[in-house]
Amino acid sequence: MKLVSHSAEETKRLGAALAACLQPGDVVVLNGDLGAGKTQFVQGVAEALGVTGEVTSPTFNILLTYDCASGVLNHFDLYRLESAEDLDDIGYWEVLEGGGVSFIEWGDKFPSEMPDDYLEVAITSGTDGVRSIKAQPHSTRAQELCACWGQVAEERA
Amino acid sequence: MMQYVLAFDTANEVISIALGVLHAETRTVELVAHRQVAAHRASNTQLLPNIDELLTEQEISRDQIACVACGRGPGSFTGVRICMATAKGVASALEVPLVGVSTLDALAWELQAAGVRGRVLVVADAMRKEVYPQVYNITEAAIGRSSADMVVAASTFEGAQEGGYALVAGDALAKYADLFVALGPLAPEGQWRVQGPGLLAVLQDAWQAGDCDPFDAQRHNPALLLPVYTRLSDAEEHEREKLADAAPRDLRTGVGGNEAISYRPLAAVDVDQVAALETTCMGTDAWNAAQFADELPRKDRTWWAAHDKHGALVAYAGGQVLDGQLQIFKVACAPEARRAGIARELVTRLAEDARNLGAAEITLEVRAANEGAQAFYEALGLDSIGQRPGYYSDGEDATIMQGPLPAATADVAGMEIITTNERPAEASATYGKPLILAIETSCDETAAALIDGTGAILSDAIASQIDFHARFGGVVPEIASRKHIEAICGVTQVCLEQASASNEGGGETSQDEMPQSEMRQPLRYRDLDAIACTYAPGLVGALVVGVAFAKGAAWGANIPYIQVNHLEGHLYANKLATPDIQPPMVVSLVSGGHTMLVHVRDWGVYEILGSTIDDAVGEAFDKVAKALGLGYPGGPIISRYAAQGNPHAIDFPRAMLHSHDFRFSLSGLKTAVVTYIAQQQEAGHELNIPDIAASFQAAVIDVQVAKAKTALEETGAKEFCLGGGVAANPALRAAYETLCAEMNVRLTLPPLSACTDNASMIALVALDRFAQHKFAPLSADAFAHSNLEESY
């Protein structure tokens with residue numbers, strides 16, 4: 001599935017549309033270049049899930065966790081990690097399997113460390129500032145999630 | 001008096017605690033009481049309160065605990081880390097041995113006690129569809145473990161099994177019961193996780209087999225115990241292959257547990273072994289046993305020896321302190337024990353003694369042809385200052401080497417501990433009460449500091465993980481929170497030792513607590529009045545290690561635990577540079593993780609004027625550096641290039657400059673720089689890195705300074721301070737100097753060591769909180785976020 005965003009606000013709105021479909025345990029892997037808008041996308045999700053307070057880049061902290069109406073939102077940024085062992089250090093699998101909703105930025109650094117069932121969202125920026133957002137479901141739950149997202153995004157467009 | 005062992009385990013989402021009596025004559029452990037509490041992801045808040053309750057119930061005091069035992073896993077990473085950090089804290093403060101026990105073996109012993117016999121499979125959940133399997137052959141007398149711990153995919157393991165087990169147990173059954181049901185009858189859920197008594201059974205079994213001694217504090221030093229790592233990191237594997245040790249690393253611990261070296265002053269009983277090793281190492285210049293025996297009683301001598309775990313002497317070193325110089329006579333290490341840092345550790349011990357005997361310099365002779373030894377001493381900061389022709393009996397020349405006493409360093413889990421003794425020598429040697437130990441593990445660094453009631457920092461130690469990684473041939477993971485668990489005991493211990501060394505001459509507390517002697521005893525946990533630790537914000541997996549250790553030690557020493565907000569620490573860090581600094585003041589906090597302007601109305605009363613809505617400044621520097629191909633960390637490199645570039649060359653956006661508030665946004669600037677680079681490359685233009693760096697840096701600084709100016713105007717504060725690693729940027733400092741001069745505001749620019757994460761700043765906050773009796777309960781936890789404006 002492909003979506004297009006023309007602004008940071010639109011990227012956030014697409015995140016909010018995805019938020020409407022999320023269930024506990026869902027994992028979304030966000031790939032894209034520096035500055036493509038990955039954190040903005042998660043800000044849109046967080047706002048829609050009722051997270052109060054600023055949602056900032058987790059690059060330094062690697063993992064930021066927010067309480068929200070439906071449980072917990074985990075926001076990973078694997079940018080600073082160098083090897084898969086580091087994931088054990090940060091309790092990566094315990095958090096992913098801990099029942100919340102998880103977003104993982106820079107997941108493509110560790111392709112073999114992605115869970116079996118996840119939705120891959122790739123944001124690429126064109127030279128004109130337009131972002132193309134491509135969603136690729138891996139396994140069944142991600143397919144449902146992807147279909148729901150497309151539907152909600154279309155309804156709200 | 002009865003001597004008890006306190007055992008606990010939190011590896012599998014439950015807290016199991018057991019108390020037992022140690023019977024030395026029969027080497028048996030008698031169960032007194034135990035409890036199991038469900039603790040899904042909450043063991044840090046419930047472990048110590050439950051331990052405290054259990055002891056109270058049994059009317060057993062902490063002083064009666066002669067040994068601590070803790071579950072090393074395998075199991076949940078967070079669970080094991082909390083268990084182990086707590087145990088290290090408790091054992092360190094109580095000054096008792098810490099013995100590690102296998103969580104899986106403990107469960108097997110509990111099955112044994114329940115009457116289970118035969119081949120039993122225990123499978124623990126390792127997440128991501130993997131399990132920690134272990135096959136036992138349980139009999140009347142033993143559990144018969146079959147192999148070392150390992151981690152395997154649940155389905156792969158099941159597929160390779162023939163089945164026919166008498167029982168299958170373990171918490172992996174909660175997820176994979178279907179997978180294992182074909183292999184044998186499944187245990188009832190009550191037998192999936194450790195109850196407590198099994199921990200004591202493992203201890204007793206190891207005691208009787210001679211694999212542990214619950215009364216041997218040296219053998220079971222709390223610093224040596226590590227979790228079960230079922231796999232070594234790539235870097236460690238690489239290191240292991242490189243060294244190709246005759247005695248390979250113990251895979252069960254991930255460290256050289258079997259090679260644990262103990263250091264102690266050379267004793268008369270050692271002299272024969274020393275003489276034998278001397279013959280091997282020194283040839284015709286070897287001393288004999290009588291010569292060593294003659295050395296030992298002399299008051300101006302210091303001799304140390306290193307023994308392996310079997311008690312064999314593997315290295316020794318010694319020298320004389322004369323006229324303020326430590327003259328080293330001998331440093332020798334058995335060939336098979338070389339390249340393990342033992343010689344360095346011995347020289348460190350000599351240096352510590354020599355420092356206590358008033359020496360400031362070190363000098364020695366080394367064979368002119370022995371380049372390896374000369375390189376070793378050069379690394380310690382010694383220079384060659386001349387030759388002694390024909391000094392050795394075979395006619396070889398000696399090179400004379402001399403230098404300052406090596407900075408107090410200690411090797412902890414392969415990490416260099418750098419200590420700075422910030423207490424000026426003339427500050428009299430008195431400890432003002434209270435004495436508080438502060439710990440900081442919020443992200444990449446393990447740090448500890450000790451402060452006294454006058455606000456003097458008695459010692460400050462940091463285990464620089466960058467040095468650790470440098471050892472591993474350039475593999476530089478930027479984060480390694482597991483290193484905290486390896487470093488925490490060493491860093492705190494060095495901190496306590498340094499504090500007492502810096503107080504030569506005695507003081508009010510030393511009169512009754514520390515007997516006067518030629519060499520001061522290190523400070524002990526029981527000398528402290530409180531223990532403090534950063535509890536938020538940061539990476540929770542890293543924070544919990546410090547918090548669990550600090551709470552454990554505070555409980556063990558029966559003193560209060562104080563929690564400190566990391567950001568408040570950065571505000572207090574300005575006191576290190578400007579002791580008379582007084583609120584109200586405006587602080588700009590800029591680092592890899594934070595970008596904010598804080599109005600400090602008073603100590604403890606903060607208003608966040610504004611912060612970043614997306615990226616932190618330090619992060620933007622790092623990412624721009626990466627986009628330019630300049631490497632990590634980005635701050636110093638960008639500022640170096642920027643100094644040669646034109647800040648007006650490219651007009652990058654000044655985000656939020658006119659937003660009329662104090663919020664920052666760095667994401668747009670980062671994107672603009674990345675886009676600019678891409679456009680230039682697409683057009684085939686060569687990048688002008690100095691101009692890009694200077695223009696980017698100018699865009700950052702313009703916004704920072706403009707908002708700081710408005711903040712000073714609006715608050716009327718007459719003090720402006722910086723905190724965080726970005727405060728090292730020279731252009732930013734210069735811009736603030738100009739601004740503050742114009743506005744007649746006093747500017748505090750703390751030294752970089754105070755800007756970056758350190759424990760001294762945590763100690764400063766802790767001192768104020770101690771005075772206000774702001775103590776935290778044993779149930780206190782670590783948090784990724786915290787609101788600086790809310791009092792805590």
Side-chain angles (χ1 to χ4, degrees), chain A residues 8 11 32-40 42-43 51-67 72 74-100 112-117 125-129 131, chain B residues 40-41 76-79 81 126-130 229 231-236 443 475-483 537-542 591-595 611-616 618-619 622-624 626-627 632 663 666-668 670-675 678-679 682 784-785 787:
Chain A
T11 302
D33 298 331
L34 276 176
K38 298 184 292 296
T39 297
Q40 283 160 357
V42 179
Q43 286 174 338
V51 172
T52 51
E54 302 279 13
V55 171
T56 55
S57 162
T59 300
F60 184 72
N61 274 337
I62 297 156
L63 167 63
L64 289 172
T65 296
Y66 304 91
D67 290 324
V72 179
N74 303 306
H75 187 189
F76 285 98
D77 184 334
L78 309 185
Y79 181 81
R80 294 202 313 134
L81 300 187
E82 294 286 333
S83 74
E85 286 78 26
D86 297 339
L87 295 172
D88 286 338
D89 270 353
I90 62 170
Y92 174 78
W93 290 101
E94 291 169 42
V95 173
L96 282 194
E97 296 181 15
S112 62
E113 304 297 321
M114 295 301 110
D116 288 348
D117 196 335
S125 47
T127 43
D128 49 0
R131 264 65 169 163
Chain B
H40 181 65
R41 300 174 73 81
S76 135
F77 278 85
T78 310
R81 206 147 38 192
M127 308 276 163
R128 63 182 305 190
K129 298 185 179 160
E130 291 180 332
Y229 295 133
R231 54 177 178 180
L232 297 176
S233 71
D234 292 345
E236 285 166 319
C443 207
V475 182
V476 186
E478 290 308 329
I479 176 71
S481 59
R482 103 179 190 190
K483 296 296 176 288
L539 178 60
V540 172
S591 69
H594 309 287
T595 298
S611 56
T612 180
I613 60 167
D614 41 52
D615 297 358
E619 182 184 343
D622 285 342
K623 289 186 171 171
V624 166
K626 178 146 181 162
Y632 181 92
R663 291 184 303 156
L666 277 299
S667 174
K670 171 189 75 185
T671 305
V673 177
V674 170
T675 307
Q679 284 167 349
E682 219 164 277
H785 308 268
N787 186 344

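Every chain is numbered from 1, with letters handed out A, B, ... down the list of sequences.
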Rounded to the nearest 0.5 Å, the CG atom of B:Leu539 sits from the CZ atom of A:Arg80 at a distance of 8.5 Å
What part of B:Ser667 lies closer than 4.5 angstrom to a heavy atom of chain A: side chain, backbone, both or neither? side chain
Separation of A:Asp77 CG from B:Glu619 CD (nearest 0.5 Å): 7.0 Å
Under a 4.5 Å cutoff for heavy-atom pairs, which residue among B:Gly592, B:Ala678, B:Ala784, B:Ser611 has the most contacts with chain A? B:Gly592
In terms of heavy-atom proximity below 4.5 Å to chain B, should A:Tyr79 be classed as side chain, backbone, both, or neither? side chain
What part of A:Val95 lies closer than 4.5 angstrom to a heavy atom of chain B: side chain, backbone, both or neither? both
Would you mind checking which part of A:Glu54 comes under 4.5 Å of any heavy atom in chain B, side chain (CB onward), backbone (N, CA, C, O), both or neither? side chain
Let me know if B:Lys623 has heavy atoms under 4.5 Å from chain A in its side chain, its backbone, both or neither. both
Between B:Thr78 and A:Glu94, which heavy-atom pair has the shortest distance, and what is it? OG1-OE1, 2.7 Å
Give the minimum heavy-atom separation between A:Glu113 and B:Arg128, together with the two atoms involved. OE1-NH1, 2.8 Å
Nearest non-hydrogen partners of B:Gly538 and A:Asn61, listed with the distance: CA-OD1, 3.5 Å
Go through the atoms of A:Asp116 and report whether side chain, backbone, both or neither lie under 4.5 Å from a heavy atom of chain B. side chain
Can you give me the closest heavy-atom contact between B:Thr671 and A:Arg131, atom names plus distance? CG2-NH2, 3.8 Å
So OH of A:Tyr66 and NE2 of B:His785: to nearest 0.5 Å the spacing works out to 5.0 Å
To the nearest 0.5 Å, tell me how far B:Ile613 CD1 sits from A:Thr39 OG1. 11.5 Å
